[in-house]
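Both ligands and their constituent atoms are indexed starting at 1 by order of listing.
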Amino acid sequence: MRIDVLTIFPEYLAPMRAALLGRAIDRGLLSLDVHDLRNWTHDVHRAVDDSPYGGGPGMVMKPDVWGPALDEVCAGDPTPRLVVPTPAGRPFTQELVHEYATEQRLVFACGRYEGIDQRVVDDAATRMRVDEVSIGDYVLVGGEVAVLVMVEAVARFLPGVLGNPASAAQDSFSDGLLEGPSYTRPEVWRERPVPDVLRSGNHALIDRWRRDQSLERTLRRRPELLDALPDSSFDKHDRAL
Ligand SMILES: N#Cc1c(-c2ccc3cc[nH]c3c2)n[nH]c1N
């Protein structure tokens, strides 16, 4: 997978070259290019923003800077999928993670200020798939942090990135539910023992207990996730909970 990121703060994306993601890049499992949007500015001040038509607070990012930048970065085969983080976007969910993980090329456009002139997205959509996506119902200062979140979530599903691919398969949301609690040594910590069933060696019981913990946690914290699952997701034991 080839990933390109356009931003006025390239240094914000430095964490992508550390740890697991950095190792994946070093191993050639994915490529990452971060581009400074100001390279496509035209004036001595390297302006990327201007006042909003219709008035209002803040500034809007200029289409005559973003347009040429996306033209150049999105050129080549295959045409990339363009992802534009915005608080007004569709939710970034595990389902979208799985979709993105199958793409050969992703380009992320990091907005700042009050966002990017809408014509940039509308114009790009005539040539490629464009997603305006939100990582949650709160407002950040720019798109860079959202890109860090999205790239990490997607990279976990690329072959060879995770040491143990089973980890991703047992994630929260992998079966539509929240993952249950995890435990490790010591067996007792501050007078809190590890649940006996986890030390029983009975893997059928352990699997059942873990499923129950996951269902109970999901019911308590995110009941709407249960409503979204088909009836076929639940066995008779689940229903007895
Ligand atoms: N994704 C996402 C976002 C943002 C976001 C994204 C881009 C810009 C550009 C200026 N401000 C931004 C906020 N806020 N909250 C989210 N869930």
Side-chain angles (χ1 to χ4, degrees), residues 1 3-16 21 30 32-41 45-71 73-74 80-103 105-125 128-157 171-173 178 221-222 224-225 228:
M1 176 184 287
I3 294 176
D4 289 274
V5 183
L6 278 153
T7 172
I8 58 172
F9 294 118
E11 64 276 18
Y12 235 98
L13 284 304
M16 288 203 291
L21 217 43
L30 72 154
L32 171 68
D33 288 291
V34 179
H35 309 270
D36 185 341
L37 182 70
R38 293 192 194 275
N39 292 339
W40 285 273
T41 54
H45 301 296
R46 308 189 82 199
V48 292
D49 62 303
D50 201 340
S51 307
Y53 274 111
M59 303 291 273
V60 176
M61 300 191 89
K62 294 164 62 65
D64 53 3
V65 175
W66 270 105
L70 289 173
D71 289 348
V73 171
C74 295
R81 188 163 184 175
L82 176 62
V83 182
V84 184
T86 167
R90 64 186 280 211
F92 181 68
T93 63
Q94 198 72 353
E95 183 181 354
L96 204 48
V97 169
H98 292 148
E99 263 189 58
Y100 286 176
T102 65
E103 297 290 344
R105 286 191 66 195
L106 293 173
V107 173
F108 291 90
C110 298
R112 280 272 160 167
Y113 312 105
E114 297 303 313
I116 302 170
D117 186 299
Q118 187 60 41
R119 292 169 293 180
V120 173
V121 166
D122 299 343
D123 172 65
M128 68 192 85
R129 288 165 300 162
V130 181
D131 298 321
E132 294 183 86
V133 179
S134 169
I135 63 167
D137 292 340
Y138 38 81
V139 182
L140 301 169
V141 177
E144 287 81 4
V145 167
V147 170
L148 289 175
V149 167
M150 291 193 258
V151 169
E152 179 166 309
V154 171
R156 294 180 72 252
F157 282 89
D171 277 350
S172 279
F173 307 107
L178 300 183
R221 298 180 180 175
R222 298 287 303 277
E224 77 281 5
L225 294 179

Salt bridge (Lys or Arg N to Asp or Glu O under 4.0 Å) against Asp36, all qualifying residues, sequence neighbours excluded: none
Within 6.0 angstrom of Glu103 CD, more than 12 heavy atoms from elsewhere: yes
Enclosure of Glu95 CD (heavy-atom neighbours >12, cutoff 6.0 Å): no
Evaluation steps, side-chain hydrogen bond (donor to acceptor under 3.5 Å, both in side chains), between Glu132 and Thr86: CA-CA 6 Å; Glu132 294 183 86; Thr86 167; 5.2 Å; no
Check: Arg38 side chain, Arg46 main-chain N or O, donor-acceptor pair, under 3.5 Å: yes
Close residues, ligand 1: non-hydrogen atom nearer than 4.0 Å: Pro85, Thr86, Pro87, Gly111, Arg112, Tyr113, Val133, Ser134, Ile135, Gly136, Tyr138, Val139, Leu140, Val141, Gly142, Gly143, Ala146
Heavy-atom check, side chain of Arg112 versus side chain of Met59, under 4.5 Å: no
